[in-house]
Structure formats: C-alpha cells, structure tokens
Amino acid sequence: MEKNGNNRKLRVCVATCNRADYSKLAPIMFGIKTEPEFFDLDVVVLGSHLIDDYGNTYRMIEQDDFDINTRLHTIVRGEDEAAMVESVGLALVKLPDVLNRLKPDIMIVHGDRFDALALATSAALMNIRILHIEGGEVSGTIDDSIRHAITKLAHYHVCCTRSAEQHLISMCEDHDRILLAGCPSYDKLLCAKNKDYMSIIRMWVGDDVKPKDYIVALQHPVTTDIKHSIKMFELTLDALISFNKRTLVLFPNIDAGSKEMVRVMRKKGIEHHPNFRAVKHVPFEQFIQLVAHAGCVIGNSSCGVREVGAFGTPVINLGTRQIGRETGENVLHVRDADTQDKILQALHLQFGKQYPCSKIYGDGNAVPRILKFLKSIDLQEPLQKKFCFPPVKDNISQDIDHILETLSALAVDLGGTNLRVAIVSMKGEIVKKYTQFNPKTYEERINLILQMCVEAAAEAVKLNCRILGIGISTGGRVNPREGVVLHSTKLIQEWNSVDLRTPLSDTLHLPVWVDNDGNCAAMAERKFGQGKGLENFVTFITGTEDLLLVEGMSVPKDEAVGALHLIQAAKLGNVKAQSILRTAGTALGLGVVNILHTVNPSLVILSGILANHYIHTVKDVIRQQALSSVQDVDVVVSDLVDPALLGAASMVLDYTTRRIY
C-alpha cells in the first residue's frame, strides 16, 4: 500500500443512483478494478437505475462487466416533492442492512441527488468513511443545498475546479483531505472524439442526418419552481418544432415535475414527430459522440455546461438550474426563458457554430489522481472529521454579565450639518449619543464615522450594551441591498457612489444596514412611534431648507442657514419668514392630498423640525382639496425626538432578532 500504513486491501463501496452519476463513477470503478492488489470493489445500485420508465440503466453497469453486489429499490413513484422525501426515507431504511453486510472501509458518493444524500447520511451514521465526488460546485437549485450537506458529512473530497476547491476550504473542510483531480468523465471525453461516430448518429438520430446538423435536447424539472420549469419545457419544444431541425430529446430525470414534463412531450406528439427522436437513455460512450458532433445542445442539464465544453459544441443553457456553474465560451445563457421567441433566437445564434474546446472541468487525468488519493487514506486515523474554522475575534463566554447585557444597535445619522452616532436599546432608549460637525470632504467624513463608531462600540461594553449591528441613516438615494449611497443631497458634499457597509463592517466586524433618512424615519415610527401596529401609514420628513436667509435674520458668518433660523424669524414677526412657512406648508398639504388619493394610508405622520409649524396648514389644505372619503384620515406630528437614529437602529434590531412589527 502507498503511504497509508494499512496492511490489507481497501474495501471500497461505490453506490450509483442514476445514469448521470454512473458516467462520473464508472471511470473510477474501472480504475479500481484494474488494481485488485490494492482494492476490493463492491457495487450498490439504487434509485432510477432500476426503473423501466427511466431505461433500466443498471443494465449498462452489467454490460461494463461489473458485478452488482446489491440492488435496492428505493424510488417511491409519484415524481413530486413528497415522493422525493419518501424515496430518501425508503433508502435510509434499506441501506443499513447492506452496509452492515458489506462493511466497506470507504463509500464513494457522487454529486447532489437526493439519493446521494441518503447514502451519505447512512454511511456517516454507521461510521463509514465517505469520499464525495464533485463537492464545492454551485449550480442554482435545491441541488446546491444537498451537495453542501453531503460535503459536511464527507471525510474526503474530490473536486473538479479550482473554484470548487476554494469553496470547500471556505466551508471549513480540511485542505489536506481535498483533492483537485478534475472530473472523472473527462478521462473518457478527451479521448472520445476520434472514434467512429456516424453509425451512432444514424442509430439515434436518423440515417439521413449529417454531423453538426442536429440538436440534442436534455431538460429536467427545477424542483424549487416546478410550474415554471414545465412551462419553459413547453416553450423549448415549441421553439424546436419551429426551428425545424432533427432533434434527439432525452427524457427528464426522476425529480419532482418529471411526470408533467413527459405529459407535455406526449401532448405535443414529440414521440411521433418526424423531426424528433425521444429516448429514455443513451449509453454514455454513445452519448459522448452524439453531443460532440451535434449542431447544438439545449436544455438545463449539467452535462451541457460541463461535459459538452470538452468538444466546443454550442450549448444553450435555459433557466436557473445551472446558473452558478463555471462555463466555457460555448455556453449561451437564456436565464429568463419565458418566451418561445427568446429560445428560437438563441437557436439561430448558436446552431452550427464551433467553439474552442474547454478544459475547465478536467484534463483527462482524474482517475490516476483519485486512485493515488484512495491509497493514501490511513484507516488508523481517527474517524471523526475535523473542521478548519477561521479564528473568531472577541469570543465571549456565556456568563451572567453576557446574559444581562442590553441588546442594542449602533445608529448613525448623517445630516447636512451634524454627524451623530448613538447606542440605542431594544426599547428605543438612546443610551448614549455623540455629535460632531459633518466634515465637508469624503476622506474626513468617513474617517470621522469610523472613529465615532469605534469609540461608541468601546463605550457600549462599559455600559453593558451588546451591539448587534450598525444602522446608518443618510440623505439622498441609497441602495440598501449593497449598503451604498448612490446620490446624496447637495447639503452633503463628496457623497455619491459611497460604499458605507464595507469599511464599517471590516473595522468593527459587525453587520451594517444603510437606508435613506426618510425611510429610516418611517421605520422608527413603525417600531417605536405612532405607526406601531398599523398596517399602513405614510411619514413625511421636514428638515433643513436651503436659501432661507430673509430680512431681519441674524446669522453668524460661517454658520449654515437652517430651519431653526426661519422659525425664530417667523416667531419674531418677520413677514417674509412667515410667508415662506405658509407657502411650504401649502405645498406639503397638496402632496399629502395626492398621497391620500393614491395610496389611501390609515395615518399620516409629519416628522422633523418644521412639522409643528406645518400641521395646521396641511390640515386646512386637506379640508379644502381632498375627497370626502379621505378627510377623516388622521394627520399627526411625530412624538419621536430622534427618528433618524431610531430608524437606523430599528433596521438592526428588527433583522437580528427576527421580529416583525
């Protein structure tokens, strides 16, 4: 044995569930079989291999001269979500007896199918080492969740691409137990194209068909959106009928929704259409020749974005089932395949082209690497797998002080004049507030925000407040999903296209939420104010106004003119200031009337420094201008002192505690 310290042969169990995983497992099985001095091979067959409707594909395993040790009927028919769950359960019931009898040292499991999850679960619970093939990849459906679940159960990993390897490392898997080998099927693919292919094309597509003048279609249901995937399949068949080229259609896999897809095929008469050949299964070596010499491959099967790239055959990838896969330039994605015309246009663009061959998924030498990896496994090593977690900063033990901490948020309010940071408790109490003048330049402003937040976070520890995250309220247009200020108000200079989330998150190691100050004020009312418990209401923000200097107002030379100055002037009897307030109040009133007519809220809240001065004018405008059906809607002044800070805090507190108000 090589490096493993074992004094006996390694007993390997390979379990195969369907035609697709066998195409990846067969090269490994052939490799194991050629080295009987190192390995004993047991083959377990289950899943759709044993179903007539899906081609009884166990026969190709027998034709490859493998002894099938065990056949397990594990599929509960129904082809819906419940049947998939029941099939996993049935496999879990039957597998323990098989594994107890075989007593393998290691089980090889492929991919991301529900059957494979049952295999990995059984082996893990029975203390059998698991080698997982094709972990770390990303596709775009429930398969991702299953694949990653198997990764956490598996002890060893064979991945196909550098990105998949990095994903496994990011998932805390031990780098020493990860092998970047490439895809085993590529060991066959890269030496296949020179073989005789005309007889295969004639057998499956027709005697009169030439290479590059036919299409291979392979489409499966998307279990997370069955209805849409059936509609997409219907549109695909319509497009293929219109395109009028000979087409080989393979039946879908056994996932939920496949029965409905077969009904669509039969409804459209595909099995009897002169341009179509519909088949349940094609042996892998013949399938290789068919896709290698096709004018185009269309559908949503992983083989389209993985294996077909080895030949440079054009591929049309439909929908989201493979949306996360790495692909070569031969793949054209039609993510929203919602019309026949889109699919037809893609066929016109792709059919008959020839692209450079891609080796993203392998170089043809995967099997020798995998066999060497298997030989290196030391059965004397502890079975319990270890996870390589990254170091965690400031780990807090569960003591009484931790339990009694006040759950809080760090709230930031970027105003036109001041920059404010506050520690806000779950009840909306402002525990401590810090205020500084808002600098004029980006550099000074971002540094001041970081400095104030770091100081506030340190102070929170002394105040026995546990900071759950940071919420930021800022003027202008904001992309909350990305945490970016798109365009600021002119009162805040050098503040366009600013990423606020990244620097704060990197510095304080906390989640960060960002939103517009108006939205924050509304969120504050919903959580802490007069909007609490209401299904719908509208908040209007009144605040700093520009160009407010009027006769009779005295303002220091370098102080910005704000709403407070205007209010003071009006109180002192300044006619022009009073006129400005009336005009603005009337304009606001008309805006409120429009909102009442279009949105029909149950409450209108005026927030901000000028709210008290506008409320009577707004109500007068509503009485004069609004329809009678909305005149009973209450218009009130917010009683929150710091709505922007409270709204910023509510983004953190609502999300981190998963509460809905």
Side-chain angles (χ1 to χ4, degrees), residues 17-21 47-48 53-54 75-89 111-118 134 136-151 167 216-241 249-268 270 278 297-306 308 315-327 331-347 481:
C17 310
N18 53 63
R19 67 191 182 197
D21 77 8
S48 61
D53 286 352
Y54 294 89
I75 295 297
V76 177
R77 299 306 298 272
E79 284 80 5
D80 58 13
E81 295 96 330
M84 290 168 65
V85 178
E86 290 165 357
S87 297
V88 171
D112 48 31
R113 309 292 302 142
F114 58 86
D115 325 68
L117 181 60
E134 290 186 12
E137 295 187 17
V138 179
S139 51
T141 66
I142 189 66
D143 294 352
D144 279 342
S145 300
I146 295 174
R147 186 186 310 111
H148 301 331
I150 296 172
T151 289
H167 292 160
V216 175
L218 181 51
Q219 202 155 327
H220 302 302
V222 178
T223 57
T224 49
D225 194 354
I226 294 171
K227 188 179 291 187
H228 176 69
S229 61
I230 293 165
K231 178 64 177 174
M232 186 169 65
F233 185 52
E234 190 171 0
L235 294 171
T236 303
L237 294 178
D238 288 339
L240 288 168
I241 291 168
V249 180
L250 277 79
F251 276 59
N253 65 20
I254 201 166
D255 281 351
S258 60
K259 250 192 334 190
E260 289 84 350
M261 291 180 73
V262 173
R263 285 196 194 104
V264 169
M265 287 174 60
R266 288 175 175 156
K267 179 182 172 184
K268 293 187 177 295
I270 295 300
V297 174
I298 187 170
N300 62 4
S301 171
S302 62
C303 76
V305 296
R306 292 171 55 94
V308 178
V315 172
I316 299 169
N317 179 47
L318 301 174
T320 58
R321 190 170 183 266
Q322 307 296 338
I323 201 69
R325 296 274 190 195
E326 298 172 73
T327 65
V331 178
L332 175 64
H333 296 281
V334 185
R335 290 180 174 86
D336 297 318
D338 51 2
T339 67
Q340 177 185 333
D341 186 57
K342 280 185 187 177
I343 301 170
L344 200 54
Q345 289 297 324
L347 284 164
R481 184 182 293 274

Requested in this report: With sequence neighbours left out, write down each residue that passes salt bridge (Lys or Arg N to Asp or Glu O under 4.0 Å) with E234, or none if nothing qualifies.
Outcome: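 Partners of E234 under the salt bridge (Lys or Arg N to Asp or Glu O under 4.0 Å) test: K268.
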**Report entry** For D21, all residues meeting salt bridge (Lys or Arg N to Asp or Glu O under 4.0 Å), sequence neighbours excluded
**Finding:**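 Applying salt bridge (Lys or Arg N to Asp or Glu O under 4.0 Å) to D21 gives none.
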Can a salt bridge be assigned to the pair [X] and [Y] using a cut-off of 4.0 Å between side-chain N and carboxylate O?
X: K231; Y: E260; value: no
X: D255; Y: R113; value: yes
X: R325; Y: E137; value: yes

Please list, one pair per line, the donor and acceptor atoms closer than 3.5 Å that link side chains of residues 332-339 to other protein atoms, with sequence neighbours excluded.
from	atom 1	to	atom 2	distance (Å)
H333	ND1	N317	ND2	3.0
D338	OD1	K342	NZ	2.9
T339	OG1	K342	N	3.2

Requested in this report: Could you verify whether a donor N or O on one side chain and an acceptor N or O on the other, from S48 and R19, lie under 3.5 Å apart?
Outcome: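 Not at all, the side chains of S48 and R19 share no donor-acceptor pair under 3.5 Å.
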Query raised in the report: Do the side chain of H220 and the main chain of S301 share a donor and acceptor less than 3.5 angstrom apart?
Result: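 Absent.
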Requested in this report: Return yes if some donor-acceptor pair links the side-chain N/O of E134 with the main-chain N/O of G111 below 3.5 Å, else return no.
Outcome: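 Such a contact is absent between E134 side chain and G111 backbone.
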Query raised in the report: Would you say L235 and L318 make side-chain contact, with heavy atoms under 4.5 Å?
Result: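 No; the side chains remain at least 4.5 Å from each other.
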Query - Minimum heavy-atom distance between L218 and F251, given as atom pair plus value - result: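 So the minimum-distance heavy-atom pair works out to CD1-O, 4.1 Å.
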**Report entry** Shortest non-hydrogen contact between D115 and C17, atoms and distance
**Finding:**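 For D115 and C17, the tightest heavy-atom pair comes out as CB-SG, 3.3 Å.
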Requested in this report: Check the pair R147, S139 against side-chain hydrogen bond (donor to acceptor under 3.5 Å, both in side chains), reporting the backbone distance first and the verdict last.
Outcome: CA-CA 10 Å; R147 186 186 310 111; S139 51; 3.1 Å; yes
